[in-house]
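Structure, as structure tokens:
Numbering of ligands and ligand atoms starts at 1, following listing order. These numbers come from the heavy atoms of this one structure, side chains and all, not from hydrogens, waters or symmetry mates.
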Amino acid sequence: MATSVERSPESGEDAYSTIRGELKQYSFQTEPVPRLHHLDPRVEALMRAEKPVVITDTNLVKSAFHWDADYLSSNIGSAKQTVYSSYKNKFLYYDDKKLPQFPDLQLATKHEEMTFKEFTEKVKNHKKGDKIYYLQQALNDSVGKSLVLDFIKFNWSWATEQQKKYKWGALTSNLLLVGMDGVITPAHYDEQQNFFAQIGGFKRFLLFDPSMFECLYPYPVYHPHDRQSQVDFDNPDHERFPNFRNLYGQEAIVGPGDVLYLPIYWWHQVESVPNHGMTVSVNFWYKSGTEEKIVYPLKPQQKVAMMRNIEKMVTSAINNHEEVPHLLKTMVLGRYT
Ligand SMILES: CC[C@@H](CC(=O)C(=O)O)C(=O)O
Ligand SMILES: [Zn+2]
């Protein structure tokens with residue numbers, strides 16, 4: 001498979017409209033995420049409302065536009081990188097610290113450690129039916145000098161200005177993502193604010209408001225797939241997940257130079273657009289700021305945080321996750337339903 005990365009930093013509208021015509025359709029409706037120049041005042045309104053927006057011309061990662069497979073191979077260094085492999089194109093995240101409680105869990109994706117050079121070899125020699133690979137590595141001080149210089153030249157003044165303006169907490173990490181053509185990260189939410197910067201290739205985001213929690217049925221908090229939706233978007237089980245029929249979302253295509261503001265607790269499915277080569281992205285995860293004061297009614301994301309705390313409290317108090325479902329059902333069925 002080619003390791004080339006499709007690149008047209010100022011991707012003309014033609015690239016996006018061509019891609020839009022190729023995208024897989026799902027059973028739910030979506031509307032487009034606004035795509036705005038970073039100086040457009042509507043960006044601030046959307047970010048204050050914690051709504052997604054594709055922000056253009058930030059130059060956030062312009063110094064990394066040359067990060068293609070060959071450059072990264074020669075400059076990232078010989079440290080092992082975190083790579084996931086799967087015989088399918090879906091890469092469902094799992095928390096390996098929770099795996100011991102689920103010894104029988106069948107994982108479709110495997111965590112492998114390999115050098116970047118080994119990763120690009122596997123991608124180059126990929127044949128139909130072979131494993132598919134997705135590199136997902138937090139940028140750290142093991143990278144080579146030239147990558148450090150590129151990293152230092154990110155538009156940190158813009159990023160830091162936003163971080164202060166919206167009272168976000170600390171930047172916790174930058175994840176380097178190098179995906180083979182067509183890889184998918186299924187629907188999940190994260191507990192951090194996120195600037196998702198696209199460097200090479202194109203990614204399609206399906207985004208859902210935190211209130212869509214009741215349509216997306218996340219795994220229990222104690223489960224290794226915590227925060228991930230249980231619903232298979234390609235073959236939804238409407239018996240188990242009846243509210244999936246009410247799902248409604250937003251959609252965005254991000255290309256080189258685009259930055260997607262992905263608000264904390266917003267659900268997202270991320271698809272490397274098929275037949276457009278490898279994708280290279282870097283995300284910027286920030287702790288969310290603390291609310292100055294609680295305002296009622298609570299926001300959907302606050303209710304999600306509350307439900308998470310209840311599940312965590314019950315699980316630790318009862319000290320046996322197998323007893324949690326019965327206790328919660330006893331508490332709710334026939335009483336609150
Ligand atoms: C973690 C992988 C995912 C991005 C994402 O979910 C995030 O940045 O929160 C993707 O690009 O496939
Ligand atoms: Zn995510």
Side-chain angles (χ1 to χ4, degrees), residues 5-6 19 23-24 33 50 52-55 60-61 64 67 81-86 88-96 108-111 119 123 132-139 154 159 168 171-210 212-213 216 218-219 224-229 233 249-256 258-274 276-288 301 304 308:
V5 166
E6 190 167 321
I19 288 168
L23 295 174
K24 171 163 61 170
V33 172
E50 292 195 318
V53 51
V54 175
I55 311 169
L60 179 58
V61 293
W67 284 14
Q81 310 288 326
T82 295
V83 175
Y84 292 97
S85 63
S86 169
K88 300 198 194 86
N89 66 340
K90 286 184 187 168
F91 289 77
L92 181 62
Y93 170 80
Y94 59 88
D95 177 352
D96 38 21
T109 57
K110 189 162 167 274
H111 173 179
F119 167 69
V123 173
I132 300 169
Y133 293 90
Y134 199 171
L135 184 141
Q136 303 188 9
Q137 174 63 46
L139 285 174
F154 283 177
W168 292 353
L171 172 72
T172 57
S173 63
N174 294 98
L175 199 60
L176 171 64
L177 300 157
V178 184
M180 283 176 59
D181 191 283
V183 294
I184 293 178
T185 297
H188 68 282
Y189 67 87
D190 300 300
E191 296 177 271
Q192 299 196 71
Q193 302 285 9
N194 184 352
F195 275 138
F196 188 94
Q198 190 60 13
I199 292 169
F202 294 84
K203 278 184 169 176
R204 175 216 202 157
F205 276 77
L206 295 164
L207 297 156
F208 309 98
D209 182 295
M212 290 290 158
F213 182 104
L216 288 163
Y219 285 86
H225 292 319
D226 171 25
R227 297 182 292 107
Q228 321 296 307
S229 172
F233 277 24
Q250 295 187 24
E251 191 157 349
I253 298 165
V254 291
D258 293 341
V259 173
L260 169 70
Y261 165 52
L262 211 180
I264 186 169
Y265 289 114
W266 269 71
W267 292 84
H268 47 288
Q269 171 152 312
V270 194
E271 306 178 356
S272 289
V273 175
H276 283 266
M278 283 181 87
T279 53
V280 180
S281 324
V282 171
N283 76 11
F284 294 63
W285 266 321
Y286 292 86
K287 285 216 175 299
S288 184
Q301 43 270 54
V304 171
R308 290 186 61 82

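- For the residue pair Gln198 and Ser281, a side-chain donor N or O sits within less than 3.5 Å of a side-chain acceptor on the partner.
- Using a cut-off of 4.0 Å between Lys/Arg side-chain N and Asp/Glu carboxylate O, Arg308 and Asp226 are scored as salt-bridged.
- For the ring pair (Phe, Tyr, Trp, His ring centres under 6.0 Å) with Tyr134, the qualifying choice from Tyr93, Tyr84, Phe91 is Phe91, the only one to do so.
- The pair Glu271-Lys24 fails the salt-bridge criterion, with no side-chain N (NZ, NE, NH1 or NH2) lying under 4.0 Å from an Asp/Glu carboxylate O.
- The distance cut-off of 2.8 Å around the Zn ion (ligand 2) captures these protein N, O or S atoms, sorted by chain and number: His188 NE2, Asp190 OD2, His268 NE2.
- Residues Leu176 and Val280 have side chains in contact (heavy-atom distance under 4.5 Å, counting atoms from C-beta outward).
- More than 12 heavy atoms of other residues, nucleotides or ligands shown are found within 6.0 angstrom of NZ on Lys90.
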Which N/O atoms of ligand 1 sit under 3.5 Å from a protein N/O, and at what distances?
residue	atom	partner	partner atom	Å
ligand 1	6 (O)	His188	NE2	3.0
ligand 1	6 (O)	His268	NE2	3.2
ligand 1	8 (O)	Asn194	ND2	3.0
ligand 1	8 (O)	Asn283	ND2	2.9
ligand 1	9 (O)	Asp190	OD2	2.9
ligand 1	9 (O)	Asn194	ND2	3.2
ligand 1	9 (O)	His268	NE2	3.2
ligand 1	11 (O)	Tyr134	OH	3.3
ligand 1	11 (O)	Lys203	NZ	2.8
ligand 1	12 (O)	Tyr134	OH	2.6
ligand 1	12 (O)	Thr185	OG1	2.6

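- For the pair Ile19 and Ile253, the tightest heavy-atom approach, listed with the atom from each and the gap, is CG2-CD1, 3.7 Å.
- Looking only at side-chain heavy atoms (C-beta outward), Trp168 and Phe284 stay at 4.5 Å or farther from each other.
- No side-chain donor from either of Gln228 and Tyr94 sits under 3.5 Å from a side-chain acceptor of the other.
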